[in-house]
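One structure is given below, encoded as C-alpha cells.
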Amino acid sequence: MSDPAAPKVHPPDVMKKLTALCKSRGFVFPSSEIYGGLKSAYDYGPLGSELKRNIMNEWWRDMVTRRENIVGIDAAIIMHPEVWRASGHAAGFADPLVDCKISKERFRADKAPRVRPGDELPITAPDAARAKDWQELIAKDYGVQLVRDGCVLRGLRCVSPQEFGYFAPGAAAPSRTWPFRGYVSPSCGSPFLTEEKQFNLMFRTTLGPVDQLGDLARVIAELTASGDLAAAVRARFGKACDSGPLAAALASGERARILHAVMEHVSQTSLVYLRPETAQAMFVQFKNVLECTGLKPPFGIAQMGKSFRNEVTVEHFIFRSCEFEQMEMEFFCEPGTQGEWLAYWKAERMRWWTRYANYPASFRFRQHGKDEMAFYADDCYDIEYFYPWGWGELEGIASRTDYDLTQHERHSGVALQYVDQEKADPRTGEKPWKYKPFVIEPAAGATRAVLCFLLDAYHEEERRTAAGDTELRTVLKLHPRLAPIKAAVLPLVKKDGMPERARAILERLLDAGINAKYDEKASIGKRYAKHDEAGTPWCITVDGQTLQDGTVTLRDRDTTAQRRLSVDDALAAVRSALGA
RNA sequence: GCGGGCGUAGCUCAAUGGUAGAGCGCCGGCUUCCCAAGCCGGUGACGUGGGUUCGAUUCCCAUCGCCCGCUCCA
C-alpha cells in the first residue's frame, strides 16, 4: 500500500480498465448499446444499481435518518417554469456563443469587442509560427493572402456594419467581402467566425399532449405569408411586442431573431424544463415543509435524485454526463450563524466521504475564489477527489445567504420567512423576529460518488497462480456497506451434499436481508477471483470438513486469508462487520 | 462546438475485394477438497447508412459512438 497521507496512486490506464470491468461485471453499461450507444448516457447494471443505491442510502441515513432536524422530500423533476426564472437558471444557463474559425477559440458574442466601418481588422497570433499557420489557413479557406508582420496578419478592414473585406496593399476597394456581425474574436481579432449559437443548458420539453411543432409551423406559415414580417408579428401578438424579447427582436430587424422570439413566445404556454439541480424544490417547498413539520431553524431539507444539464462537454465516463444524480441538502439557519454552520457541514461531509474510502488523503477542500463564486454566495468550498486526471469536484458546500428564498418570494409573491416568536428582531428590538433564513448547501454528486468509490476501490495486486506464475489480481476494495454483494456462499466442489449445505447458509443470509450470492460454477479459485472483481467482501466456503463438524471457511477479500468458523459465527462475523 | 486518434465476438487480437479465425470469457456436461487447473460440446462479431463494384468487413463519403487535447461548466 502507498503512503496513507498521500492521495491514491492510480494504476496505469485505470479509467480504461475500470470502464471495461464495469461493463463485464455489470456495474455500468453504455446506454442503448445495441443501437450504437447514446452520448454520455450510462445504465447501471445489476451490481452498479446496488452500489449506487448503497451509496445513496448511506448518505440519506447520515444526513436525514439520524438527524432530528433534517427531513427529506422527493419532488417532481418537472417543475413550474417560473422556478428557473427565479433561480436564475433560465437566464444564466443561456449565452450566445461563437467560435473563431482561425484560432478555434470560443467566446461569448455579447462580450466581444465591437468594431466600426473603416476600422482595420488585424489578426494577432500568439507567436510567429502560428501566424504563419493562420496565414496559410486563411489563404486556403478564404482565398486571400494576408500580409504577415511578425505575429500580426493585415489586409482586412470593416466595410459596413454587415460586411468586412480584404484590401490588397494600397488598394482603396476590397477585392473580396464577407458578411459581418460587428465584432471580432476577443483573443486574436479575427472576423472569421461561426454563426452565433444559442446555448441552453437546460433540457426543454413540453407539458401536454398537443403537438407543439404543429402549432408553431402554422403560426410561422401565417406570419411569413405576408411580405412584412414585423407588421404581421405586431398585428398578431399586439401588446406582447411592446416590451420583452419580442420587442427586442423586432428592434433588431433580423428575421431569424424575430422568428426565434415568436417561437419562444408561442411555445411559452407548454414549455417546461427538466430540473438542472434538485436544490430548487427544497426552496419552493420551504413553506409547506415548515408548516407540516413545525421545524425551527436551524433545520434542513434533503433530497436525492436525477438532474439534467446539456453539458457543453461530457467527459471521463460517468464523471460528467447530461443525466446525473444528486444528493443535496439545504440547511436553513439564522442570519449571522452561516459561518459556523458552513464549518460544521464541511467537517460532517468530509467525515462522510472519508469513512468509506481506503485513501482519505485523496479527498480535500478547495475554497472558491471570489471570481468563481455566484454573486450571491458569501463563501463556498468544494470537496475534491484526486481522479486519475487530477483533482476534480465531488461536492460543493456553499453559503448561499438568503438569495434563493428572496428570489422565490419575489417571483411567487408568497412570503418565505420564519417567524421566531421567542426572539426579538436584532435591528428593531421588537418581537417576533421575522426573517428569511440563510442557507448552507452541501450538494454532492451521487454519480460522481459511484466513480470515486470505484476508483478508490480498484486495485491490481500481484499473486501467484497454482501453476507458479505471477499474475495480476484485480480486486475492488469497496467498503462492505457499499459493496453490492456482501457475501458469496460457495460449495468447494459440486458434490457430496456441499451444494445443499451452502444453499442453506445462503437462505439464512437472504432472510437476514443481506445481499448474498450462491455460486457452484467452475473451480473455487475462479469463483474467488470473480467475487474479488465484484468487490464482494466475504466468501463463505462449504468443504469436506463442513460435513463432519459444521464449520465453514470465511475468506476476506482484501487479504484472501481464511478463518475456519462455525456457520453461526461466520454469519455473525458478516453481520457485525456490516454494522447491521 | 473545434482539432487529432479509434471502431472485427463480452475482452485482447488475426485474416481477406469473393460473407471471417484464435486465446480468454460466457453457457452446458464431465472432472476437481481452497485461490482464474484439465477434457468435451455450445454461444458469439465486421458500429450504422449510402456510394463505387458482378461482389465491400476491406476502397470512398456521411453519420453515430468511444478516447485524448482545447473550449465550456448559472
Side-chain angles (χ1 to χ4, degrees), chain A residues 13 15-17 19-26 29-42 84-85 87-95 97-108 137 187 194-197 199-202 276-277 279-280 309-317 319-320 322 372-377 389 392-393 396 398 403 461 463-469 471-475 490-496 498 520-533 539 541-548 552-553 555 557 559-562 564:
Chain A
D13 289 326
M15 288 304 289
K16 218 177 147 184
K17 292 169 181 167
T19 314
L21 182 130
C22 279
K23 189 179 158 186
S24 67
R25 288 287 166 238
F29 305 126
S31 163
S32 311
E33 201 184 7
I34 62 168
Y35 288 106
L38 183 67
K39 180 161 52 169
S40 152
Y42 292 93
W84 309 112
R85 285 188 272 278
S87 70
H89 288 83
F93 256 32
D95 297 314
L97 297 181
V98 173
D99 290 309
C100 169
K101 292 186 177 178
I102 308 306
S103 65
K104 310 295 183 196
E105 287 192 40
R106 171 173 292 168
F107 57 90
R108 282 178 59 167
L137 177 75
S187 63
T194 62
E195 291 299 305
E196 287 183 13
K197 284 235 168 81
F199 273 56
N200 195 320
L201 268 29
M202 280 196 289
E277 60 172 36
Q280 293 306 319
R309 293 181 194 180
N310 271 313
E311 297 287 354
V312 176
T313 309
V314 295
E315 57 185 352
H316 301 311
F317 194 34
F319 176 76
R320 173 174 285 125
C322 294
E372 64 180 316
M373 261 190 301
F375 68 90
Y376 49 79
W389 60 89
E393 193 193 354
Y403 175 77
E461 292 176 355
R463 64 172 201 97
R464 298 198 82 83
T465 64
D469 306 324
E471 263 187 12
L472 281 183
R473 175 174 89 112
T474 301
V475 49
L490 316 167
L492 187 61
V493 292
K494 209 174 16 177
K495 62 180 187 187
D496 300 337
M498 289 181 210
E520 61 175 25
K521 280 180 211 150
S523 69
I524 190 70
K526 256 185 186 179
R527 285 176 273 161
Y528 287 152
K530 217 169 124 177
H531 277 288
D532 286 343
E533 285 190 358
C539 291
T541 305
V542 171
D543 58 12
Q545 197 175 330
T546 310
L547 309 172
Q548 311 289 316
V552 292
T553 59
R555 175 186 181 271
R557 174 196 66 200
T559 62
T560 76
Q562 286 175 302
R564 184 164 283 280

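The sequence lines fix the lettering, A, B, ..., with proteins before strands; numbering per chain opens at 1. Please read these numbers as outputs of a predicted model, since none were measured by experiment.
- Taking the C1' atom of each, B:A36 and B:C72 are spaced 45 Å apart, rounded to whole Å.
- Side chain of A:Asp496 to backbone of A:Met498: no donor-acceptor contact under 3.5 angstrom is found.
- Both A:Lys530 and A:Ala20 lie near RNA chain B, and the one whose nearest nucleotide falls closer to the 5' end is A:Ala20.
- Ring planes of A:His316 and A:Trp389: parallel class, angle under 30° (limits at 30 and 60°).
- If you take CZ of A:Arg320 and P of B:C73, they are 10 Å apart, rounded to a whole angstrom.
- Remark: the separation of the C1' atoms in B:U71 and B:U12 is 35 Å, to the nearest Å.
- Residue A:Gln548 is classed as having no contact, given no heavy-atom separation below 4.0 Å to the nucleic acid.
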Margin query: For A:Arg25 and A:Asp532: C-alpha separation, side-chain torsions, deciding distance, then whether salt bridge (charged side-chain N to carboxylate O under 4.0 Å, His left out) applies.
Written below: CA-CA 11 Å; A:Arg25 288 287 166 238; A:Asp532 286 343; over 6 Å; no
Review item, nucleotides 30-33 of chain B N/O atoms under 3.5 Å of protein N/O:
unit_1	atom_1	unit_2	atom_2	d
B:U32	OP2	A:Lys495	NZ	3.2
B:U32	O4	A:Lys494	N	3.4
B:C33	O2	A:Gly544	N	3.4
B:C33	N3	A:Gly544	N	3.1

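- Whole-Å rounding puts the A:Lys23 NZ to B:A9 C1' distance at 11 Å.
- Among all heavy-atom pairs drawn from A:Pro30 and A:Lys23, the shortest one is CD-CD, 4.2 Å.
- When the C1' atom is used for both B:U32 and B:U43, the distance is 25 Å, rounded to whole Å.
- When heavy atoms are screened at a 4.0 angstrom cut-off, A:Thr541 is found touching base atoms of the nucleic acid.
- The same atom, C1', is picked in B:C2 and in B:A9; the two are 35 Å apart, to the nearest Å.
- The nearest whole Å value for the distance from the CG atom in A:Asp532 to the C1' atom in B:C34 is 13 Å.
- If you take atom P in B:G55 and the same atom in B:C64, they sit 28 Å apart, rounded to whole Å.
- Once rounded to the nearest 0.5 Å, the distance linking CG of A:Asp13 with OG1 of A:Thr19 reads 10.5 Å.
- Counting distance only, with no hydrogens placed and no angle test, the side-chain atoms of A:Thr553 and the base atoms of B:C34 include a donor-acceptor pair under 3.5 Å.
- Between the C1' atoms of B:G25 and B:C67, the separation comes to 24 Å (whole Å).
- Between the base of B:C64 and the side chain of A:Tyr35 there is no donor-acceptor pair shorter than 3.5 Å.
- Atom CD1 in A:Ile34 sits about 13 Å away from atom P in B:A45, given to the nearest Å.
- Heavy atoms of A:Arg473 sit nowhere under 4.0 angstrom from any nucleic acid atom.
- No side-chain heavy atom of A:Tyr42 sits under 4.5 Å from any side-chain heavy atom of A:Ser31.
- Across the protein-nucleic acid pair, A:Leu472 atom CG and B:C35 atom C1' stand 15 Å apart, rounded to whole Å.
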Check: Could you walk me through whether A:Glu520 and A:Lys494 pass the salt bridge (charged side-chain N to carboxylate O under 4.0 Å, His left out) check?
Finding: CA-CA 6 Å; A:Glu520 61 175 25; A:Lys494 209 174 16 177; 5.1 Å; no
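- Counting heavy atoms from C-beta outward, A:Leu490 and A:Ile524 have side chains that approach closer than 4.5 Å.
- For the pair A:Arg25 CZ and B:C24 C1', the computed distance is 12 Å after rounding to whole Å.
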Check: Going 5' to 3' along nucleotides 66-71 of chain B, which nucleotides have protein heavy atoms under 4.0 Å from the base (write B), which only from the sugar-phosphate (write S), and which from neither (write -)?
Finding: SS--BB
Item checked: Secondary-structure notation, RNA chain B, from Watson-Crick and G-U pairs under 3.5 angstrom (| other strand) -> (((((((..((((....[..)))).(((((.......)))))....(((((..]....))))))))))))....
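- At a threshold of 4.0 angstrom between heavy atoms, the contacts of A:Gln562 include nucleobase atoms, whether or not backbone atoms are also involved.
- Look at CD on A:Glu461: it is 16 Å from C1' on B:A36, rounded to the nearest Å.
- A gap of 24 Å separates the C1' atoms of B:G28 and B:C35, to the nearest Å.
- Side-chain contact between A:Leu492 and A:Val542: absent, with no pair of heavy atoms (C-beta onward) separated by less than 4.5 Å.
- A:Arg527 places a side-chain N or O within 3.5 Å of a backbone atom of A:Lys521 that can act as its donor or acceptor partner.
- Rounded to a whole angstrom, the distance from the P atom of B:C66 to that of B:U8 is 15 Å.
- Counting heavy atoms from C-beta outward, A:Gln280 and A:Glu277 have side chains that approach closer than 4.5 Å.
- Between A:Tyr376 and A:Tyr403, the angle of the ring planes stays under 30°, which puts this pair in the parallel group of the 30/60° scheme.
- Where A:Tyr376 and A:Lys526 meet RNA chain B, the nucleotide closest to each residue was compared, and A:Lys526 sits on the side nearer the 5' end.
- Using a 4.5 Å heavy-atom cutoff, the side chains of A:Cys22 and A:Phe317 are in contact.
- Of the candidates A:Val475, A:Thr560, A:Thr541, A:Tyr528 forms a side-chain contact (heavy atoms from CB on, under 4.5 Å) with just one, namely A:Thr541.
- For the pair A:Lys17 NZ and B:G10 C1', the interatomic distance rounds to 19 Å; values are reported in whole Å.
- No hydrogens or angles were tested; on distance alone, nothing pairs the side chain of A:Arg309 with the base of B:C73 as donor and acceptor under 3.5 Å.
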